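Only one structure is covered here, and it is reproduced in the block below.
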Protein chains: 2
Amino acid sequence: MRLLLVEDELEMAAALSAALGRYDMILDHAPTLDHALAALANHVHDGIILDRQLPDGDGLSLIPRVRALKSGIPVIVLTARGAVDERVRGLDMGADDYLAKPFAVEELLARIRALMRRSPDIAPMTARIGKLVFDFDGRQAQVNGQLLDLPRRELLVLETLARRQGRTVQRSTLEESVYGYDDEIQSNSLDAHVSRLRRKLADTGAGVEIHSIRGVGYLLRPSP
Amino acid sequence: MRLLLVEDELEMAAALSAALGRYDMILDHAPTLDHALAALANHVHDGIILDRQLPDGDGLSLIPRVRALKSGIPVIVLTARGAVDERVRGLDMGADDYLAKPFAVEELLARIRALMRRSPDIAPMTARIGKLVFDFDGRQAQVNGQLLDLPRRELLVLETLARRQGRTVQRSTLEESVYGYDDEIQSNSLDAHVSRLRRKLADTGAGVEIHSIRGVGYLLRPSP
DNA sequence: TGCGCCGCAACGTTGCTGCAATCCTCGTCG
DNA sequence: CGACGAGGATTGCAGCAACGTTGCGGCGCA
């Protein structure tokens, strides 16, 4: 799961990024409307968290453009506590939900999950390849009903591959999905994650394999 | 994938060409609006990267002409960082996306991919010839649902031929698609790749053949 | 403070790829 | 009609870049 936070307060962004990271989510941060539009053009985000007060305008003005770009993506608007009319206006503008600041991270998470759940048209809930079942909602992988306990990076790799099951995922795409924009990676860490993930998939008899295509990328497929 | 860069700075063009080449993309360079229009007449490009400041006018003026020529082709506009109104105007003029200079190549690539993904009318997602199915999104070929495991160069050859299925692909065009402009090739490597690809297509019973036309090029067609 | 994830680097391995040598095919011209 | 030349096809080979694997140290989290 990859979210875009549109928010000019750096402190808040850092805190939220850390918090969501613990739940295996990637948070990209856009400090201005401009940055937000640029980031959204990539169509890689599954949801948007939107502050209203931004250096270059009202956050709400982003919503119509978001809808034009990617219609069904969930948008959560952050408002000041008690400003009822703000909330109403947000919903009128097409936001899916709002949240009063300050808020508990748990609450934000719950709302994100709820919104994900009711937009099944975007992406199917689960993917099945071999004996592996990947649950995009619960963000977990199962083999024969047995939970596959994966660390964050490996889970992101598997999730990305499962999303495009059967089709090739370019190496650069995978790097973006696993590390986000900001994080520069300067080693073969990705290969390392793939390697460890492969071992786990093999050990649990998941019936899937990560096939590599030299110079192109990887793909997830049933093992022969 | 073949893109047209409309940009008068040679340095920038060279750098970008080299960078995109590494990601299996071909970049043609047009230093002026005039050159751009001439290049577009060939209808071989899958996307346009457009600078605004050009010797013979504003890059944006190209957009309506592009739309008239080839309606759905993605256009990315390059703007100076921080010039918000420029960007807005670009989007109003019908650009599909914009990018602030200087930018990371990865960022550009991500946008290109995203735009490709949502313009299915331009480039059909899949091509079918004989028993061969080529998936341009997943960048892979299948025969009877079976993945054809091809290395980078061979994949590029097949991808290019499949994209122009039935029509002849000039030898020089194919070389450009496979190697790009920078990479000089001094042997018959291309023939070698074609040869190996032919063997694989025959072995898997793909029902297609790469027919060669002496002195002109190749074409992909159902085998008799 | 212990545990585990993660980035990193070192090193082994694979197989793609450019190259060239050789053979083949087709068209042309005497 | 036969020889010749140019362009194409095939294949072996060696270099090297991409990929795989593993161990280590640091850092964050419980």
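Note on naming: letters A, B, ... go to the chains in the order of the sequence lines (proteins, then strands), and numbering restarts at 1 for each one. Just so it is clear, the structure is predicted and the values come from calculations on it, not from any experiment.
- Between B:D191 and B:R198 there is no salt bridge, since no side-chain nitrogen of the basic residue lies less than 4.0 Å from a carboxylate oxygen of the acidic one.
- Using modelled atom types, no side-chain atom of A:R52 and backbone atom of A:V77 make a donor-acceptor pair closer than 3.5 Å.
- No engagement by A:E154 is indicated, since no non-hydrogen atom pair under 4.0 Å with the nucleic acid exists.
- What separates CG of A:L174 from P of D:dC19 is a distance of 11 Å, to the nearest Å.
- Per the geometry, CD belonging to B:E175 stands 11 Å off P belonging to C:dG18, to the nearest Å.
- Between B:Q170 atom CD and B:E176 atom CD the span is 10.0 Å, to the nearest 0.5 Å.
- Comparing A:K200 and B:S189 against DNA chain C, the residue whose closest nucleotide sits nearer the 5' end is A:K200.
- The phosphate of C:dT17 has neither OP1 nor OP2 within less than 4.0 Å of any side-chain N or O from B:Y179.
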- line: The contact string for nucleotides 4-11 of chain D, one letter per nucleotide 5' to 3', using protein heavy atoms under 4.0 Å with B, S and - for base, sugar-phosphate only and none, comes out as --BBSBBB
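- In plain terms, the two heavy atoms of A:G130 and A:V208 that are nearest each other are N-CG1, 4.0 Å.
- Going from atom CG of A:L197 over to atom P of C:dG7 covers 14 Å, rounded to whole Å.
- Counting only residues at least two apart or in different chains, side chain to side chain donor-acceptor pair (under 3.5 Å) contacts with residues 201-218 of chain A comprise A:E209-A:R221, A:H211-A:R221, A:H211-B:D149.
- Under 4.0 angstrom from either OP1 or OP2 of C:dG18 there lies at least one side-chain N or O belonging to B:H193.
- With A:T168 contributing its side chain and B:G138 its backbone, the two residues share a donor-acceptor pair below 3.5 Å.
- In this entry the distance linking CG of A:L190 with P of C:dC8 reads 12 Å, nearest Å.
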